[in-house]
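To start, the structure itself, in structure tokens.
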Amino acid sequence: MRVLVLGSGVIGVTSAYCLARAGASVTVIDRQPGPAMETSFANAGQISPGYASPWASPGLPLKALHWLFQKHSPLAIRPDGSLWQWQWMARMLRECNPERYAINKERMVRVAEYSRDCLRQWRAEMGLQYEGRTLGTLQIFRTQAQLQSAHKDTSVLDRCNVPYQLMTPDECVQQEPALAARQGLLTGGLYLPGDETGDCHLFAQVMTEKARALGVQFLHGVQVDQLLHDGQRITGVRLLTPKGAEVRLADAYVVAMATYTRALLRDLALDLPVYPVKGYSLTLPIQQADAAPRSTVLDESYKVALTRFDQRIRVGGMAELAGFDLNLRESRRATLERVVRDLFPDAGPIDQGEFWTGLRPMTPDGTPIIGRTRIDKLWLNTGHGTLGWTMAAGSGQLLADMLLGRPTAIRSDDLALSRYQRAPIKVAPPSPAIARHRS
């Protein structure tokens, strides 16, 4: 079977690898010069099944209202001039009830834990090196209110069989010794031993080479211009290459273009509820290893994660609803720097940090969209939000198994785009110009 994978972020690369390993002939297409150059490039570095939770939770509306008035708020809303922004937020708010939260949480944990298991198996089989660590995640609390809320939230972890440990400030320091000098800031912590860390961009590069060894062809620097169709099925994809336009044909087409997937599907009448949620990161060199975190420390007050790589610290977080704006805002850098100075001030030169921003593809219910669409030959693997790195290996394996008609290791029938569709929509036939182009 010939498969075209559109997008070479961590989701596209793992999808291609899994398809090729199962015997498919795969070509990956991406406009960037290499793999994982956008959303996957400098994310927070967490592989966190324990934090696989929908943003749309019963307490979110009040929390969001409070955050909007904070100087170092984890959330910002900047109108992007589109009606879609407000429609997406309204859809997200409709998910903020206990029943929907429980459903969405179960889906996310299911995919995230399966993905971690797949990654562990790959690591054992292939000896993958991506500056990974398996020391868990420590979420720290600065207030009694946060600690009390954590006690309530552990019931969700219990229901999902996620191992955890509530910690005192002393126990937090035992887990992360570099916090010893800052222990007075802490009221406690929540430790998730099953979480891992690693450089997502490095992982994608390694997996690209593994996929190439299986025969996968990567076409970088090539723009995906249009999905060609006859109203019922995909008949090809129009590409803009350095040599001009060309059409590629396949037996199946997998779109893994993160936040840009929605625009590509526009003329297919597919309602893809994915919105770009902007995040930031700061990557700084380590000068004093014993003053740096051992794994990931998540600061609950600012929703910022500090993740240890071999010789670097990646500080990432925050969320802005601002469309496709990629401006680097100095106020956001100030927040990231503040968290580092609060917790690990002697780890490395903060002023030498590399500042980055990226757009996460977020669905209203938090669950990714993995599976076939009602358009024949068209498959999706997108909408992972802040958990693309966490869910990458499992999402790629699920997509490959579904596309090739093999049994999936976990339930997957509730992950497709169809969960959002209330009624069939007729797709408009292609224009005569497009029809002539295909012929």
Looking only at atom types and distance, does a side-chain atom of W88 sit under 3.5 Å from a main-chain N or O of M362, one as donor and one as acceptor? yes
Quick one: do E337 and R333 make a salt bridge, cutoff under 4.0 Å? yes
For Q87, look at atom CD and say whether over 12 heavy atoms of other residues, nucleotides or ligands are found less than 6.0 Å away. yes
Ionic contact status for E246 with R238, cut-off 4.0 Å: no
If you look at every heavy atom in H220 and S8, which pair is closest and at what distance? NE2-OG, 3.2 Å
Report yes if some heavy atom in the side chain of L239 is under 4.5 Å from a heavy atom in the side chain of V224; otherwise report no. yes
Which value, rounded to the nearest 0.5 Å, describes the distance between R332 atom CZ and H72 atom NE2? 10.0 Å
Distance alone, cut at 3.5 Å: any donor-acceptor contact between the side chains of R338 and Y302? yes
I'd like to know if the side chain of T390 and the backbone of P49 have a donor-acceptor N/O pair within less than 3.5 Å. no
Considering non-hydrogen atoms only, spot the tightest contact between V277 and A319 and give its length. CG1-CB, 3.7 Å
Please check if the side chain of T154 supplies one atom and the backbone of L157 the other of a donor-acceptor pair under 3.5 Å. no
Using the rule given for side chain to side chain contact (heavy atoms under 4.5 Å, CB included), can you reason through T208 versus V28, listing the C-alpha separation, both sets of side-chain angles and the distance that settles it, and then say yes or no? CA-CA 10 Å; T208 294; V28 179; over 6 Å; no
Can you pull out every salt bridge (Lys or Arg N to Asp or Glu O under 4.0 Å) where at least one residue sits in residues 30-43? Sequence neighbours excluded, please. R31-E38
Got a salt bridge between D413 and R411, using NZ or NE/NH1/NH2 to carboxylate O under 4.0 Å? yes
Quick one: are V247 and V237 in side-chain contact, heavy atoms under 4.5 Å? no
Where the side chain of T357 meets the backbone of L326, is there a donor-acceptor pair that is under 3.5 Å apart? no
Would you say L321 and R78 make side-chain contact, with heavy atoms under 4.5 Å? no
Residues Q121 and E125: side-chain donor-acceptor under 3.5 angstrom: yes
Treating Q397 as the side-chain partner and T408 as the backbone partner, does any N or O pair qualify as donor plus acceptor under 3.5 Å? no
Looking at R123, I'd like to know if its CZ atom is crowded, meaning that more than 12 non-hydrogen atoms belonging to other residues, nucleotides or ligands lie closer than 6.0 Å. yes
Are the side chains of M318 and T335 in touch, meaning some heavy atoms are under 4.5 Å apart? yes
Given side chain to side chain contact (heavy atoms under 4.5 Å, CB included), test L387 with Y51 step by step and report yes or no. CA-CA 9 Å; L387 295 170; Y51 287 103; 5.6 Å; no
After noting the C-alpha distance and the side-chain angles of V255 and W379, does the key distance pass the side chain to side chain contact (heavy atoms under 4.5 Å, CB included) rule? CA-CA 6 Å; V255 185; W379 296 74; over 6 Å; no
Measure the acute angle between the ring planes of Y130 and W389, then classify it against the limits of 30° and 60° as parallel, tilted or perpendicular. perpendicular
What class does the angle between the rings of W122 and Y17 fall in, given that below 30° is parallel, 30 to 60° is tilted and above 60° is perpendicular? perpendicular
Give, for atom CZ of R91 and atom OG1 of T363, the distance between the pair rounded to the nearest 0.5 Å. 10.0 Å
Answer yes or no: is there a donor N or O on one side and an acceptor on the other, between the side chain of Q146 and the main chain of F141, under 3.5 Å? no
L62 CG: over 12 foreign heavy atoms closer than 6.0 Å: no
Whether E106 and R159 form a salt bridge (side-chain N of Lys/Arg under 4.0 Å from carboxylate O of Asp/Glu) is what I want to check. no
Quick check: does any side chain N or O of T307 sit under 3.5 Å from a backbone N or O of A44, one acting as donor and the other as acceptor? yes
Taking R314 for the side chain and N43 for the main chain, is one N or O donor matched with an acceptor at less than 3.5 Å? yes
Is R294 salt-bridged to E176, cutoff N-O under 4.0 Å? no
Whether S115 side chain and G394 backbone form a donor-acceptor pair below 3.5 Å: yes
Smallest heavy-atom separation, P293 atom then I313 atom, equals CD-CD1, 3.8 Å
Salt bridge flag under 4.0 Å for residues E300 and K303: yes
Measure the shortest side-chain to side-chain distance between N104 and E95 over non-hydrogen atoms and say whether it is less than 4.5 angstrom. yes
Apply side chain to side chain contact (heavy atoms under 4.5 Å, CB included) to residues I286 and F309 and explain how you reach the verdict. CA-CA 9 Å; I286 294 175; F309 296 153; over 6 Å; no
Any side-chain heavy atom of I29 within less than 4.5 Å of one from V5? no
How about Q311: does its CD atom have over 12 heavy atoms from other parts shown lying under 6.0 Å from it? no
d(E131 CD, R312 CZ) to nearest 0.5 Å is 4.5 Å
Shortest non-hydrogen contact between L268 and R374, atoms and distance: O-NH2, 4.0 Å
Contact summary for K105 and P54, nearest pair of heavy atoms: N-CG, 3.7 Å
Enter the distance from I234:CD1 to D251:CG here, rounded to the nearest 0.5 Å. 13.5 Å
For Q129, I'd like to know if atom CD has over 12 heavy atoms of other residues, nucleotides or ligands within 6.0 Å. no
May I ask you to check whether Y191 and Y164 place their ring centres under 6.0 Å from each other? no
For R116, does its backbone N or O pair with a side-chain atom of E196 as donor and acceptor, under 3.5 Å? no
State plainly whether the residues R133 and D195 are in salt-bridge range, i.e. N to O under 4.0 Å. no
Report yes if the side chains of T261 and V274 come closer than 4.5 Å at any heavy-atom pair, otherwise no. no
If you define the side chain from C-beta out and look only at heavy atoms, does anything of L270 sit under 4.5 Å from L378? yes
Note: R107-D365 ion pair, threshold 4.0 Å (strictly below): yes
Over all atoms of both residues, closest heavy-atom pair of G385 and R360: O-CB, 3.4 Å
With a 4.0 Å cut-off on N to O distance, would you call D414 and R419 a salt bridge? no
Under-4.0 Å salt bridge between K278 and D325: yes
Could you label the plane-to-plane angle of the W84 and Y275 rings as parallel, tilted or perpendicular, counting under 30° as parallel and over 60° as perpendicular? tilted
